[in-house]
Amino acid sequence: MESGPLPLDPAAIRRDFPILDQTIHDRFPLVYLDSAASSQRPRQVIDALRDVYERNYANVHRGIHWLSERSTDLFEEARESIQALVGARHAHEIILTSGTTAGVNLVARSWGDANLRPGDEILLTDMEHHSNIVPWQQAAERTGAAVRFLPITDSGELDLEQLDAFLTDRTRLVAVTAVSNVLGTINPIGAIRERADRCGALLFVDGAQSVPHEPTDVQATRADFLAFSGHKMMGPSGVGALYGRETLLDAMPPFLGGGGMIRRVARDRFAPADLPFKFEAGTPPIADAIAMTAACRYLRDVGLERIAAHEQRLARLAHERLAAFDDVAIHGPAPDRKAGIVSFSIDRVHPQDISELLDHRGIAVRAGHHCAMPLHERLGVSASVRASFYAYTTVDEIDRFADGLRSVRETLRRTGSRRAPTAR
Ligand code: PLP
C-alpha cells in the first residue's frame, strides 16, 4: 500500500456511528463490510430523526397549523439539500421517493408508457441491478418495446467498443448504473451521454452506488434522470430521490394517483399538481425525508471526493491482500478503476459458506447474486461474496477481513464446502 496520510480519518468518523462500536458473538469487534447493501448512519442523522418525532412532526403540505408548516418547511429543506448534493438546477426536479427502485419504476411507468412504441429499444447493460432491469422489462411488455443489453468485457467494464452498434435510431433510452454494485466498476457516464446524444436517446442513471460515494453533478453529466436511495448514503431507509430534467418531468403523466398529487378532483376527472408534487402521491416518509438534510450535510462536511479517494485506497488494499490467495478470483476491474466494492469467488466453495464463517469472526459481508443475476451468469458463477466499504471503514478492518478469509479458507479446505459449489 502506498505511503502518506489517509485522505480522511475513519477513526474520527466512526465516533459518529454508535452501531459500529459493538462486539459480535461476545468476542469479535464488528467489521461491517456490507455498506453497498445498506450503509450505517451517523448520530447526526439519528438525532435528526428523533428531533422530528419529538418536536417537528405533522403531515406536510396539508395543514395550515404551525406544526404542519414547520414540518413542511423542513421537508422542503431536505429536497433542497438533495438538490444541492446532485447539482440539480431546480428543487422541483427532485422527486422524493422510497428509494432507487421506486425511481426507476416511476420513470418506466410514466415516461415509458407514454413514449415507448413497438420496435423502440431501451438499452441496459450486463452489469445492472434487477431494479434497473425488471421495470424496463415490464415497460417493454406493456408497450411492445425491446430491451437490449450492452455486454461487458472480461475485465468487468462496459464494452464501449460495441456501444455505437447498440445505439440505433430505435434507442429511446439508455439506463445504466454509474457504479456496479457487484464489480465496483465506475462507468463513464459522460462518454455514454455523448454517444447517446447522437441517436437522441435519453439517459437514465442508477446512482444507488455512486451518489453516496463520489461527487455527483447532473448538469455536468447531463443525465436526464438519476435515482438513488437514502439508506445507502447514511440516511434513513424508506426514502430516496429521483432527479429528472424539468422539461421531461413536466411532460410526463403522474404515476401513482392519490392525495397530494392533484390540483383538483371532480367525479369524472382530475387535474394534477405542479412539480414535484405531481409525482408524490400520498403521505410521504416525512421524518425520513427530513433527516436526509442531516445525511447530505454529513456527506458534504466529510467531502465526497475524500470519501471516494478513501474507498479506492481500501479497494486497492483489499485487492493486494486477496492477491495472496491463489484460489480467490476477484470479479471486476483493477482497483484504480473501481469504487469501494470488492466481489470474489473461491474455487469450489459456496459464497454463503464463506460469508457464514466470516460472520463467526464478526465480519459482515454479503453472499449471493446481489440482485444481479444476468451479471453473475456472465461471470460464470451463480453467486459471489462481496465486501463493500464506506467512509467509516478502516485499514485495520481490511486486514481483519483478509486474516479472516485466510482462516476460513483453511477451515473449508479441511471440511469442504457445506453447500454445493457455484462454479459453472
Ligand atoms: N441499483 C443498484 C446499483 C443497487 O445497488 C441497488 C441496491 O442494492 C438498487 C438499485 C436498489 O436500491 P433500493 O433497494 O434502495 O431501491
Side-chain angles (χ1 to χ4, degrees), residues 32-41 82 86 95-109 122 124-138 149-150 152 156-158 174-187 189 192 203-214 216 223 225-243 255-256 279 284-285 288-289 291-292 295 311 331-332 338-343 364-376 378-379 383-390:
Y32 186 75
L33 302 181
D34 199 19
S35 289
S38 206
S39 75
Q40 300 299 346
R41 48 218 38 74
I82 296 170
V86 301
I95 312 298
L96 291 163
T97 65
S98 62
T100 309
T101 305
V104 185
N105 277 278
L106 192 162
V107 177
R109 275 277 180 180
I122 304 155
L124 311 180
T125 83
D126 269 348
M127 63 170 80
E128 299 311 313
H129 187 282
H130 296 165
S131 289
N132 199 28
I133 297 176
V134 179
W136 302 116
Q137 291 173 327
Q138 292 174 310
F149 289 83
L150 180 71
I152 60 169
E157 291 167 285
L158 294 180
V174 179
V176 59
T177 190
V179 169
S180 161
N181 67 312
V182 178
L183 306 169
T185 315
I186 300 169
N187 288 325
I189 297 301
I192 295 170
L203 177 65
F204 184 104
V205 178
D206 176 346
Q209 299 294 347
S210 63
V211 172
H213 301 278
E214 62 181 33
T216 300
F225 299 103
L226 171 77
F228 48 102
S229 303
H231 70 98
K232 293 186 197 283
M233 51 186 284
M234 303 190 183
S237 61
V239 65
L242 171 74
Y243 158 80
F255 166 38
L256 296 174
F279 292 112
D288 303 312
M292 284 298 287
E311 292 175 17
H331 305 296
K338 74 194 301 190
I341 294 177
V342 177
S343 296
V365 296
R366 178 150 172 207
H369 52 64
H370 317 305
C371 298
M373 281 183 172
L375 173 60
H376 279 83
R378 167 67 174 84
L379 297 174
S384 59
V385 184
R386 179 181 72 188
S388 52
F389 319 134
Y390 212 169

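Numbering of ligands and ligand atoms starts at 1, following listing order. By convention here, the first residue in the shown sequence is residue 1. Keep in mind that what you see is a predicted model, and the values were worked out from it rather than measured.
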- Query: Do S343 and H331 have side-chain N/O donor and acceptor atoms under 3.5 Å apart?
  - Reply: no

- Message: Please give me the minimum heavy-atom distance between T100 and A208, naming the atom from each residue.
- Response: OG1-CB, 3.5 Å

- Query: Tell me, which residues have any heavy atom less than 4.0 Å from some atom of ligand 1?
  - Reply: T100, T101, H129, S131, T177, N181, D206, A208, Q209, S229, H231, K232

- Message: Taking A178's backbone N and O only, do any of them form a donor-acceptor pair with Q209's side chain (distance below 3.5 Å, no angle check)?
- Response: no

- Task: Verify, without hydrogens or angle tests, whether S39 (side chain) and H231 (backbone) share a donor-acceptor contact under 3.5 angstrom.
- Result: yes

- Item | Candidate list Y390, F389, F228, test ring pair (Phe, Tyr, Trp, His ring centres under 6.0 Å), partner H213, passing option | Y390

- Query: For S131, which residues count as a side-chain contact (heavy atoms from CB on, under 4.5 Å) partner, sequence neighbours excluded?
  - Reply: T101, H129

